[in-house]
Amino acid sequence: MMQVNATYFKNFLDEFLGIAKDEPVIIHKTGKPIAVVLGIAEYEHLQKLQELYRLARATLAETTSEQISDEELVRFLTERLKQAA
């Protein structure tokens, strides 16, 4: 994953947009990460994962009739993946 400071990123925007198609680019300002630039394919993939996560959370909450924590959902999904393998 490439990391660059904000001024350098601004000066070479076109180059970093090309790089972001293949790998995330982390932008730093005053030594701290402030943003990540992703290619559209990676962004769309993350959006789909987020939708699936929300669906799994809603399905599990409906099944148990209660809200569940992120940790409980991750445990549940991990077990389901193990069973499917």
Side-chain angles (χ1 to χ4, degrees):
M1 192 173 318
M2 180 169 282
Q3 299 190 31
V4 63
N5 83 27
T7 302
Y8 195 74
F9 179 82
K10 180 181 75 168
N11 292 337
F12 296 95
L13 177 63
D14 285 342
E15 179 182 333
F16 289 112
L17 291 178
I19 291 169
K21 290 179 186 175
D22 299 320
E23 66 176 299
V25 177
I26 298 175
I27 303 166
H28 289 254
K29 192 167 187 175
T30 62
K32 297 179 182 175
I34 59 165
V36 177
V37 178
L38 302 171
I40 193 68
E42 182 67 15
Y43 174 77
E44 288 172 347
H45 176 73
L46 290 172
Q47 288 296 106
K48 287 178 185 174
L49 286 175
Q50 187 175 40
E51 288 173 24
L52 290 170
Y53 181 83
R54 287 182 184 146
L55 177 61
R57 171 175 249 154
T59 301
L60 187 57
E62 187 176 280
T63 302
T64 62
S65 300
E66 58 188 56
Q67 293 285 45
I68 60 167
S69 69
D70 286 339
E71 293 81 19
E72 290 171 313
L73 181 57
V74 169
R75 269 195 305 277
F76 172 77
L77 293 172
T78 300
E79 285 302 314
R80 295 285 303 269
L81 286 172
K82 286 179 184 176
Q83 292 170 1

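Heavy-atom basis, side chains included; hydrogens, waters and symmetry copies ignored.
Grouping Ile, Leu, Val, Met, Phe, Trp and Tyr by side-chain contacts under 4.5 Å, direct or through others, leaves L52 on its own.
Counting only residues at least two apart or in different chains, side chain to side chain donor-acceptor pair (under 3.5 Å) contacts with residues 19-40 comprise Q3-H28. A side chain to side chain donor-acceptor pair (under 3.5 Å) check over residues 70-85, counting only residues at least two apart or in different chains, returns the pairs Y53-D70, R57-D70, S69-E71, S69-E72. Within the structure, side chain to side chain donor-acceptor pair (under 3.5 Å) contacts touching residues 35-46 (residues at least two apart or in different chains) do not occur.
Under the 4.5 Å side-chain heavy-atom criterion for ILVMFWY residues, a single connected hydrophobic cluster contains both M1 and L38. Cluster annotation: L17 is connected to V4 through the hydrophobic network of ILVMFWY side chains, with a link wherever side-chain heavy atoms come within less than 4.5 Å. The same ILVMFWY cluster, assembled from side-chain heavy atoms under 4.5 Å apart, contains both I34 and I19. At a threshold of 4.5 Å between side-chain heavy atoms, the hydrophobic network of Ile, Leu, Val, Met, Phe, Trp and Tyr places V37 and M2 in one connected group.
Judged as a side chain to side chain contact (heavy atoms under 4.5 Å, CB included), and not counting sequence neighbours, the contacts of F12 are Y8, E15, F16. L81 pairs by the side chain to side chain contact (heavy atoms under 4.5 Å, CB included) definition with nothing, not counting sequence neighbours. N11 meets the side chain to side chain contact (heavy atoms under 4.5 Å, CB included) test with T7; sequence neighbours excluded. Partners of A35 by side chain to side chain contact (heavy atoms under 4.5 Å, CB included), not counting sequence neighbours, listed by chain and number: I27.
A56 and L77 make their closest contact through CB-CD2, 3.7 Å (heavy atoms, listed as atom of the first residue, atom of the second, distance).
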